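Down below is the structure, laid out as structure tokens.
Here the structure is a predicted model, which is why all the values come from computation and not from measurement.
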Amino acid sequence: MASKKEFKKDVNFLTNEIVMRGMIHLEFFGNKNSDQIFEIMNGAVNSRNDYIARINDRLTGKNAKEIKSHFKSIYDDLLKSTHDLLEKIDGLDIQVK
């Protein structure tokens, strides 16, 4: 793992991608499904706050293996939730057509 600072930048980047995809959807499709898009965007921001808090957890008294496992679980959760939220937005695109 690089550093907490770089990890936080990755979290922010992926969250911004979800929010931007939602904004693009709203721009192209107007108010159709807007409530669902705003819900997804809020979910992304709430998840971001959760991931940042998990990254900032103090891990004193833990050995290197436990620390690595902790950050690996955060990374896996981040990728899965980002993928799921982007699929939800893309699924709304198909429904509107």
Could you go through the side-chain contact (heavy atoms from CB on, under 4.5 Å) check for E39 and D35 one step at a time? CA-CA 6 Å; E39 184 179 318; D35 292 338; over 6 Å; no

Is there side-chain contact between M23 and M41, with heavy atoms separated by less than 4.5 Å? yes

Drop me the distance from F71's CZ to R54's CZ, to the nearest 0.5 angstrom. 10.5 Å

To the nearest 0.5 Å, what is the distance between CG on D84 and CD1 on I89? 11.5 Å

Check whether any side-chain heavy atom of F29 sits under 4.5 Å from a side-chain heavy atom of L92, and report yes or no. no

Could you tell me whether K80 and D76 have a side-chain N and a carboxylate O separated by less than 4.0 Å? no

side-chain contact (heavy atoms from CB on, under 4.5 Å) for T82 and T15? Distances and angles first, verdict last. CA-CA 8 Å; T82 301; T15 302; over 6 Å; no

Nearest 0.5 Å, what's the NZ-CG distance between K72 and D77? 10.0 Å

Nearest-0.5 Å distance that lies between atom CG in L14 and atom CG in L86: 8.5 Å

Can you check whether S3 reaches K8 side chain to side chain, under 4.5 Å on heavy atoms? no

For the backbone of K65 and the side chain of S69, can you confirm whether one donor and one acceptor N or O come within less than 3.5 Å of each other? no

Taking all non-hydrogen atoms of both residues, which atom of H70 and which atom of D57 are closest, and how far apart? CE1-OD2, 4.1 Å

Side chain to side chain, H25 and D90, heavy atoms closer than 4.5 Å: no

Determine whether R48 and I52 make a side-chain contact, defined as any pair of heavy atoms from C-beta on separated by less than 4.5 Å. yes

Mark yes or no for whether E66, through its side chain, and N63, through its backbone, hold a donor-acceptor pair below 3.5 Å. yes

Smallest heavy-atom separation, A44 atom then I18 atom, equals CB-CG2, 3.7 Å

Flag yes if more than 12 heavy atoms outside E17 fall under 6.0 Å of its CD atom; otherwise flag no. yes

Taking atom CG of N42 and atom CD1 of I37, what is their separation to the nearest 0.5 Å? 11.5 Å

If you measure only the distance, is there a donor-acceptor pair under 3.5 Å linking the side chains of Y51 and S81? yes

Just how far is it from atom CD of E27 to atom CE of M20, taken to the nearest 0.5 Å? 10.0 Å

Any heavy-atom pair between the side chains of L26 and N33 that's under 4.5 Å? no

